[in-house]
Novice: 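Have a look at this one.
All figures in this text were calculated on a predicted structure; none of them were measured in a lab. Below, chains carry the letters A, B, ... as their sequence lines are ordered, and counting in each starts from 1.
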Number of protein chains: 2
Amino acid sequence: MHNKQDYNCKECPLKCDLYLTSIEMGIENELEPVHAFFKKHELIVKQGSEVSHAGVMVAGNAKMYVDGFNKRSIILNVLLPSNYYGMLSVYGESLFPYNVAALGPSRVCMIDIEFVKRIYDLNQNFRTWLNKALGLTVSEIMGKLVSLNQKQVRGKVAGSLIYLSELLDTNEFTLPLTRKELAELSAITEENAVRVLTEFKREGIISVKGHCIELLQLDVLERISDFG
Amino acid sequence: MHNKQDYNCKECPLKCDLYLTSIEMGIENELEPVHAFFKKHELIVKQGSEVSHAGVMVAGNAKMYVDGFNKRSIILNVLLPSNYYGMLSVYGESLFPYNVAALGPSRVCMIDIEFVKRIYDLNQNFRTWLNKALGLTVSEIMGKLVSLNQKQVRGKVAGSLIYLSELLDTNEFTLPLTRKELAELSAITEENAVRVLTEFKREGIISVKGHCIELLQLDVLERISDFG
DNA sequence: ATATAACATTGTTATATATCAACTTTTTAT
DNA sequence: ATAAAAAGTTGATATATAACAATGTTATAT
């Protein structure tokens with residue numbers, strides 16, 4: 001548990017949602033967030049473990065992923081500052097159905113899940129906000145279900161690149177993922193991820209320099225993703 | 001819109017949830033359910049269309065599925081009497097992210113979505129009930145994401161058969177699906193679905209007579225599903 | 001009752017992708 | 001600065017599965 005100093009930390013995006021709501025409700029003093037720090041690749045939550053808290057990314061970024069069979073996991077999405085995890089438990093899931101791991105040095109603000117549930121039950125605005133987010137997530141997962149199943153490797157990688165550029169809101173970004181992780185985001189093997197990246201580069205669709213990627217022909221990429 | 005006679009129809013499973021809640025709230029007279037009938041393979045809701053209502057299966061059964069690329073769809077689950085569809089819209093989705101189609105002659109009770117939303121907002125018990133159902137659905141879809149991606153055909157079909165036997169609550173059932181649909185539920189081709197069924201039969205794991213299937217060695221099936 | 005369409009089955013072939021292996025480059029730790 | 005480990009790359013091969021094709025069987029409608 002932390003003191004008020006920590007609680008009011010300038011960077012904490014809690015200000016936007018849970019925090020603001022708790023102020024509105026006059027119970028902000030009961031909110032006792034714990035800030036935790038993680039280094040690269042450190043596990044933040046383990047799939048199957050009891051949900052004790054919800055978390056907000058304050059700094060850094062993380063991957064949300066599910067365990068697969070022979071050590072092959074599938075990355076569901078990438079969390080940036082202000083993104084939450086663990087909210088599904090508000091809807092009755094007592095165990096985390098996914099893992100969360102830091103992609104780089106990260107800072108996470110953790111809030112007791114009972115407090116979140118309380119606000120959820122008492123405050124309609126917060127509820128509506130969270131419900132919308134969940135509804136969107138479900139739709140996205142359904143899309144992913146089809147895409148991972150019916151696209152071939154080029155389409156999958158194209159989709160992942162577009163996802164990342166939209167997430168980071170730029171066509172030129174530093175990939176926060178290793179090649180293996182890009183593969184896991186696309187549900188293919190690392191080797192094929194590399195190969196497709198090389199192909200795209202050779203075809204002039206993207207430019208690749210290590211982790212720096214620029215999408216040169218977004219329209220082509222989109223066509224490959226939508227498949228063809 | 002229907003009269004009170006229709007509304008109080010004996011079979012309508014609304015009695016259990018929405019209906020009971022509306023009685024509890026004293027607004028059951030405002031509930032104006034419309035019962036609609038569908039024949040085999042008739043479309044009940046179209047993916048991408050505006051959500052105007054939520055529906056409860058009253059009789060028959062239906063498949064919930066998403067459109068794929070080259071005419072290959074993926075069946076998410078099978079709806080039996082008392083199962084709902086369209087509830088996701090309560091969480092802010094204005095368009096159906098899936099199709100629903102009757103598997104056989106079916107009767108569906110449709111309730112104006114605004115009425116459902118109203119009850120959802122006003123009644124905590126109903127909210128909790130629906131939230132739990134949604135949370136479970138999300139967990140299930142995540143499981144499906146992995147299973148469809150990393151299992152091979154035998155594992156997928158084994159999983160589908162187990163799913164159906166649990167749904168219908170018996171080891172001996174009449175498959176409410178064609179071979180093509182069983183394939184779509186498993187995200188494989190029809191040919192491979194048939195082949196695997198034949199294999200399982202030859203191996204004495206199941207017995208197949210047309211649409212009548214009996215799971216003879218559930219333990220083996222479970223092992224195949226969990227992979228091997 | 002017969003024709004027609006939908007559904008089911010089996011075999012063959014083509015192909016996309018995983019797997020295996022070797023090697024290079026980059027990062028991390030001492 | 002050097003060693004060791006992690007990450008990235010490219011090629012060759014094996015394999016699971018989709019695609020194609022042909023045919024049989026069962027429903028459906030007139």
Novice: Examine C:dT9: is either OP1 or OP2 under 4.0 Å from a nitrogen or oxygen in the side chain of B:Thr198? Give yes or no.
Specialist: no

Novice: Report the nucleotide, chosen from D:dG8, D:dA19, D:dA16, that has the shortest atom-to-atom distance to any side-chain atom of A:Val194.
Specialist: D:dG8

Novice: Between C1' on C:dT17 and CZ on A:Arg154, what's the gap in Å once rounded to a whole number?
Specialist: 14 Å

Novice: From C:dA18, C:dT9, C:dC7, pick the nucleotide closest to the side chain of B:Thr178?
Specialist: C:dC7

Novice: Check this for me, if you would: do B:Arg154 and B:Glu203 make a salt bridge, where the nitrogen-to-carboxylate-oxygen distance has to be below 4.0 angstrom?
Specialist: yes

Novice: Over how many whole Å does the gap from A:Leu182 atom CG to D:dG8 atom P extend?
Specialist: 10 Å

Novice: Rounding to an integer number of Å, can you tell me how far B:Glu190 CD sits from D:dT17 P?
Specialist: 17 Å

Novice: Rounded to whole angstroms, how far apart are CD on B:Glu199 and P on C:dG11?
Specialist: 12 Å

Novice: Under 3.5 Å, is there an N or O donor on one side and an acceptor on the other linking the side chain of A:Glu191 and the base of C:dC20?
Specialist: yes

Novice: Just N and O in the side chain of B:Arg195: are any of them under 4.0 Å from OP1 or OP2 of C:dT10?
Specialist: no

Novice: Rounded to whole angstrom units, what separation is found between the NZ atom of A:Lys71 and the C1' atom of C:dT19?
Specialist: 17 Å

Novice: Given atom NZ of B:Lys151 and atom P of D:dA16, what is their separation to the nearest angstrom?
Specialist: 17 Å

Novice: Is A:His211 near enough to D:dG8 that one of its side-chain N or O atoms lies under 4.0 angstrom from OP1 or OP2?
Specialist: yes

Novice: Between B:Ser160 (side chain only) and B:Ala158 (backbone N and O only), is there a donor and an acceptor less than 3.5 Å apart?
Specialist: no

Novice: Measuring from B:Ile75:CD1 to B:Tyr65:OH, what's the distance to the nearest 0.5 Å?
Specialist: 8.5 Å

Novice: Nearest heavy atom decides the nucleotide; on that basis, is A:Ile188 or B:Leu177 closer to the 5' end of DNA chain C?
Specialist: B:Leu177

Novice: Can you list the steps and then say if A:Asp67 with A:Lys46 is a salt bridge (Lys or Arg N to Asp or Glu O under 4.0 Å)?
Specialist: CA-CA 10 Å; A:Asp67 294 328; A:Lys46 173 99 199 76; 3.5 Å; yes

Novice: Which base sits across from D:dT30 as a Watson-Crick or G-U pair, both distances under 3.5 Å?
Specialist: C:dA1

Novice: Starting from C1' on C:dT17, measure out to CD on A:Glu184 and report it in whole angstrom.
Specialist: 17 Å

Novice: Can you tell me if the side-chain N/O atoms of B:Asn192 get under 4.0 Å from OP1 or OP2 in D:dA16?
Specialist: no

Novice: Enter the distance from B:Leu88:CG to A:Ser139:OG here, rounded to the nearest 0.5 Å.
Specialist: 5.5 Å

Novice: Could you check how far CZ of B:Arg179 sits from P of D:dT25, rounded to whole Å?
Specialist: 15 Å

